[in-house]
There are 2 protein chains.
Amino acid sequence: MGMSLRQRRRLQTARDIQMAAVTVALRDGFDQMTTEAIATEAGISTRTFFNYYNNKQAAILGEAVRLDVAGAGWFASSEGALTDDLARLMGQGLKDNPLDRAVLRKIISVIDANPALQDLFRTKVDETSLSLATLLDARLGPDMASETRLLAELATHALTEAVMIWAMDDAMTLDDITPLISAKLRNVGKILMQGDARV
Amino acid sequence: MGMSLRQRRRLQTARDIQMAAVTVALRDGFDQMTTEAIATEAGISTRTFFNYYNNKQAAILGEAVRLDVAGAGWFASSEGALTDDLARLMGQGLKDNPLDRAVLRKIISVIDANPALQDLFRTKVDETSLSLATLLDARLGPDMASETRLLAELATHALTEAVMIWAMDDAMTLDDITPLISAKLRNVGKILMQGDARV
DNA sequence: GCAGAAACTTGCATACTATGCAATGTTTAC
DNA sequence: GTAAACATTGCATAGTATGCAAGTTTCTGC
């Protein structure tokens, strides 16, 4: 019931290309990096490169964290604090989408050196935001539709920050991410209410 | 003290190109749109097009709203509700960067038809976020550094949503945007605190 | 006003990105 | 074992983007 040979090869090639892209980006700089260089490094033709990724950027950023919307029915009806539930939801998402710390660090290096990639990274992360908005809609009801999107983006940004911190800190485990997100969200909530008597 | 002839022409050409880009995008579809078509529509050479914009996307999205960081000293030391002050700050930014409702509507049409542009639009908006983060740092102090960025992004997203609503609703004035942003932020704050006893 | 500096437009050359198509080879399913 | 599905590749081609140099317009200081 494991993957077929074809599927395993495809996945492996996709990873090889990503590694090659990151390697070349760190070596030559992102702006100087050509698809030809990536293909050569990965041992494939440039044509094959485009069979796997639509462009260079996509090759460097991997797959986005995908939330298991189906398995998150509990979220809509939970009575817990929203910040905690959001954090739990995303913490679960991370466990379902294992990240390689070493690869992530390299990716972060490339992003740090190329601000233009930051946008693409956020865009990638915001794919998560979409499924989250659906879940929030279910929990908060239609009255809050306009705030739902803001909240979803806020939560995914918090997730991104937390993942970055985790990637850089060997002492952290994946389990430490959930409370970190929770704390971040709660702090933002507190700050937002600062000086506001209308709570 | 007015702009020189050169400056006025440059600005006008930049606007002409943007109009041309939007027109062509609506006519041919963004994916089918070529730089050559834009240049022809704008009455310039393709080479000149690239003297004004780095790429097609940039030609469609105009300049980002720029906050007047220098003139916002009041923000750091204000005692008012943070949500209100943020809204006021961004409302002021809008007045300093007058938007053309008709053009904005066309841009929104193009974006709606091309999800890929949504990311770029947000990226554009997030340029505002950077200056905002600086101001928030000054107000909240170094302890809150990690939440500052989240807050800045949240606020700029709220700004974007409010501007979209304004663009679509002729009955709204620019002055209506400030309280709208304020309300959105306050609601997000409330929702974040939902079920949280630790306030 | 006029001369020279600075800026703008353009064509041309060139490197790179990205896609379609067709040929060939590999894996899968029955 | 065979046919269908899928993967890799080369080739052709359209489009993106930049550097450079030549020609023109605008600006600056006198």
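Because the structure is predicted, anything quoted here is derived from the model rather than measured. Reminder, nothing fancy here: chain letters follow the sequence lines and each chain counts from 1.
Rounded to 10°, the helix from C:dG1-D:dC30 to C:dC30-D:dG1 has 40° between the axis fitted to its first five pairs and the one fitted to its last five.
Using a distance-only test at 3.5 Å, with no hydrogens or angles considered, no donor-acceptor pair links the side chain of A:Asn114 to the main chain of A:Leu117. Using modelled atom types, no side-chain atom of A:Thr48 and backbone atom of A:Ile44 make a donor-acceptor pair closer than 3.5 Å. Within the 3.5 Å criterion, the main-chain N or O of A:Met33 finds a donor-acceptor partner in the side chain of A:Lys56. For the pair B:Ser78 (side chain) and B:Trp74 (backbone), a donor-acceptor distance under 3.5 Å is absent.
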Check: Tell me, for nucleotides 23-30 of chain C in 5' to 3' order, what letter each nucleotide earns: B for a base near a protein heavy atom under 4.0 Å, S for only sugar-phosphate near one, - for neither?
Finding: ---BBS--

Item checked: Summary of protein contacts for nucleotides 11-17 of chain C, nucleotide by nucleotide, where a base hit scores B, a sugar-phosphate-only hit scores S (4.0 Å, heavy atoms) -> BB---SS

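Rounded to an integer number of Å, the gap from CE of B:Met3 to P of C:dC8 is 13 Å. Whole-Å rounding puts the B:Asp31 CG to D:dT16 P distance at 11 Å. Protein atom CG of A:Asn51 is 11 Å distant from nucleotide atom C1' of C:dG20, rounded to whole Å.
Under a hydrophobic-cluster definition in which Ile, Leu, Val, Met, Phe, Trp and Tyr are linked whenever side-chain heavy atoms come within less than 4.5 Å, directly or via other members, A:Leu159 and A:Leu130 are assigned to different clusters.
B:Tyr53 comes within contact range of no nucleotide atom at all, as no heavy-atom separation falls under 4.0 Å. The residue A:Tyr52 sits close only to the backbone: its heavy atoms come under 4.0 Å of sugar-phosphate atoms, none of a base.
Ion pairing between B:Glu161 and B:Lys184 holds under the 4.0 Å rule for side-chain N and carboxylate O.
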Checklist line | A:Arg105 vs A:Ser109, side-chain hydrogen bond (donor to acceptor under 3.5 Å, both in side chains): CA-CA, chis, key distance, verdict | finding: CA-CA 6 Å; A:Arg105 265 188 208 169; A:Ser109 310; over 6 Å; no

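Among residue pairs with one or both ends in residues 89-104 of chain B, those qualifying as salt bridge (Lys or Arg N to Asp or Glu O under 4.0 Å) are B:Lys95-B:Asp175, B:Arg101-B:Asp170; sequence neighbours excluded. Within the structure, the side chain to side chain donor-acceptor pair (under 3.5 Å) test picks out the following pairs touching residues 29-42 of chain B (sequence neighbours left out): B:Arg27-B:Glu41.
For the contact set between residues 12-30 of chain B and DNA chain D, defined by any heavy atom under 4.0 Å, there are no members.
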